[in-house]
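Below: the structure, in C-alpha cells.
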There are 2 protein chains.
Amino acid sequence: MGRIEYKNYDRFLLAVDCIIFGFDGSGLKALLIKRGLEPEIGKWSLMGGFAEKEESVDSAAQRILYKLTGLEKIYMEQLHCFGDVGRDPGGRVVSIAYFALIKIDESSTELLNSHNAKWFDLKKLPSLVFDHKAMVKLAKERLQQKVSNHPIGFELLPTKFTLQQLQGLYEAIFETAFDKRNFTRKILSLGILQRLDEKEKESSKKGAFYYIFDKKKYKQLESEGIKLI
Amino acid sequence: MGRIEYKNYDRFLLAVDCIIFGFDGSGLKALLIKRGLEPEIGKWSLMGGFAEKEESVDSAAQRILYKLTGLEKIYMEQLHCFGDVGRDPGGRVVSIAYFALIKIDESSTELLNSHNAKWFDLKKLPSLVFDHKAMVKLAKERLQQKVSNHPIGFELLPTKFTLQQLQGLYEAIFETAFDKRNFTRKILSLGILQRLDEKEKESSKKGAFYYIFDKKKYKQLESEGIKLI
DNA sequence: TAAATAAATGTATAATATACACTTAATATT
DNA sequence: AATATTAAGTGTATATTATACATTTATTTA
C-alpha cells in the first residue's frame, strides 16, 4: 500500500513542555526558564519546544530536556496533552507535557545559565506563562501517585544517600511529615536498599549510613509496582 | 499584545481515538468500528477522527464519542498521546487517546450500525489498525488502576444493579474472582450504595436487591479518591 | 410441603499500619 | 579523662484492614 496523505484536515503546532523535578535536601524543586520568544517573552516558563516532523513526541521531549540540562537517559514520563483552544495566545498550539526526575547537581550549569534557568521550590513558584501552572500542579499530583507505587523517587537523589535524605524527599513530595521509625522500617523491608559501610558525617556527630539501591530488586519492584507509601 | 502566529515549525494532523468500554454482565467490552478510510480501510479500529482548529482536544473527543454513540455527558478521561513517527502509515498523525465508560444499552443502535460498530470482549479482540491494540491495552490498565481508587465503575452499570452485577463487573475488569462475602462487606462499608426495596428476580428465585448510588457520598469519595479494591 | 436455587450473612486469623520514646555512636567541650 | 551534645538508630503494643472460609434464608416450582 502506498503512502496516502490525509487531506483537508486542520494541522496543529505541537509543543512539548517539560516539568523537570529536582530535590536539594529541603523542598521539591522545579526547573523554570525565562521564556525567550513572544508572546510573554521574559516570563517564567517550563522548558519547551516544538515537535518536529521526523521525530516522535517522546523523542522531542528527550531532545528538549537534553537541550536544557545536557542530560540523557533520564526518567521521564508523559503527563498529559493540553489542548484547549486559547491556551497559547501566540497560536493554536497543542502541548504534550512530560515530567522528568533529575539529580539536581548533574545538570550542566552552563546550559542552565544560557537559558536563564532557575530552580524554584514547588511551594514558591512564580507566575508562569499560559497553562504551565496547571501543568506543574498535575505533574506534582502524578508524581505523588507514581512515587507511592513505584521506586522512582531515587531518581531525584544522589547515588548514595542516607535514610534521612530519602525520608526528606518523600516528605517534600507529599508535603507531610512521616514517622522516622515507621518510614525506616517500611522502606528497608522492601529490600531494595543496600547499606554501605560509609557514613555521611556533615549533619551529625554520629554520622548516618549511606545507602544505594539493590538494582535487581529495584527492577523487580518497578515492574510489579509494589506499594511504597 | 497582538496575536503572533509562530512561523516555520512543523504542523501535525491531530487525531483523537476513543476506547469505549462497556459491560454486558459477562465480560468487559470495547466498542470497535470498521475503519471507513484508507489506509487499512475495512479493518477493525477504535472510533476516531481528526481534531479541528476551533475546538479543544477534549471537545474533539466528546464530539467523536457522540458521533458514534449519540451519548453526551459521559465519563471520559484522556489516556495518552501516541506520537511515534510511523504509527499511521497514512501520514504523520499524532493521536490523543481517550477512554470512555458507557452503559452498553444506552448507545444509539442506528448510529452503531451506520458505523459498522460492534462490541468485542476485551479478551477476544480482533487485530486492530495502527497502534490501537496498544491503546486498548493501556486503557485497560488505566481503568484497573482508576477503578481501584475511584467510584467510576458504576458508569458501566445500569442505574439500578445488584451486588452480584457489581461484583461481576469488577471481576471482569480485573479478570479475577473475588470472594462474595468480602466484596459485599467492603463495598457496602463505603456507604455509597443505597438499597432499594425492589428485587431483580430473573437470575434467582429468592431475588437479589437492587442498589443505586448515594450521590452525595459518591461525589465525596470521587474527590477524595478512596480505596475501593 | 418438599425441593431447588441463588442470595445473604459472620467469624476467626493474618497482615499491615499506626502511635509512640529511649538508647547509641561519635565528636566536642571542659 | 570525663561529660555534654547531637542526630542516628531501633522495638513494641494497638488498631485497622485483608483474607479465608460455610451455613442459613427467601422465594419459586414441582
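Below, chain A is the first sequence line, B the second, and so on; all start at residue 1. Because the structure is predicted, anything quoted here is derived from the model rather than measured.
Using cut-offs of 30° and 60° on the angle between ring planes, the pair B/Phe21 and B/Phe99 is perpendicular. The aromatic rings of A/Phe130 and A/His132 sit perpendicular to each other, their planes meeting at more than 60°, with 30° as the lower class boundary. Between B/Phe174 and B/Tyr170, the ring planes are parallel. Angles under 30° get that label, and only those over 60° would be called perpendicular.
Between A/Lys186 and C/dA17 there is a side-chain polar atom (N or O) within less than 4.0 angstrom of OP1 or OP2. Listed pair A/Lys201 / C/dT27 meets the phosphate criterion, a side-chain N or O lying under 4.0 Å from OP1 or OP2.
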What are the atom names and distances for every N/O pair under 3.5 Å that joins the protein to nucleotides 9-11 of chain C?
unit_1	atom_1	unit_2	atom_2	d
C/dG10	O6	B/Arg185	NH2	2.9
C/dT11	O4	B/Arg185	NH2	2.7

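Spacing between atom CD of B/Glu200 and atom C1' of D/dT28 amounts to 14 Å, rounded to whole angstrom units. Atom CD in A/Glu202 sits roughly 14 Å away from atom P in C/dT27 (whole-Å rounding). Protein atom CZ of B/Phe183 is 18 Å distant from nucleotide atom P of D/dT17, rounded to whole Å. Separating the CZ atom of A/Phe209 from the C1' atom of C/dT24 is a distance of 12 Å, rounded to the nearest angstrom. Put simply, NZ on B/Lys199 is 14 Å from P on D/dT25, counting in whole angstrom units. Atom CG of B/Leu196 and atom C1' of C/dA7 are 16 Å apart (whole Å).
Of all heavy-atom pairs between B/Phe161 and B/Ile212, the closest is CE2-CA, 4.3 Å.
Within a 6.0 Å radius of OH in B/Tyr66, other residues, nucleotides and ligands contribute 12 heavy atoms or fewer. Around atom NZ of B/Lys67, no more than 12 heavy atoms belonging to other residues, nucleotides or ligands sit under 6.0 Å away.
Residue A/Ala208 has its side chain nearest to D/dG9 when only C/dT27, D/dT28, D/dG9 are considered.
Within residues 156-173 of chain A, the residues having any heavy atom under 4.0 Å from DNA chain D are, by residue number, A/Gln164.
Taking the side chain as every heavy atom from C-beta outward, A/Leu111 and A/Leu68 never approach each other to under 4.5 Å.
Pairs engaging residues 188-199 of chain B under the side-chain hydrogen bond (donor to acceptor under 3.5 Å, both in side chains) rule: B/Lys160-B/Glu198 [sequence neighbours left out].
The base of D/dA26 lies outside donor-acceptor range of the side chain of B/Lys206, with no N or O pair under 3.5 Å.
Both tests pass for B/Lys118 against the ring of B/Phe120: distance under 6.0 Å to the centre and angle within 45° of the axis.
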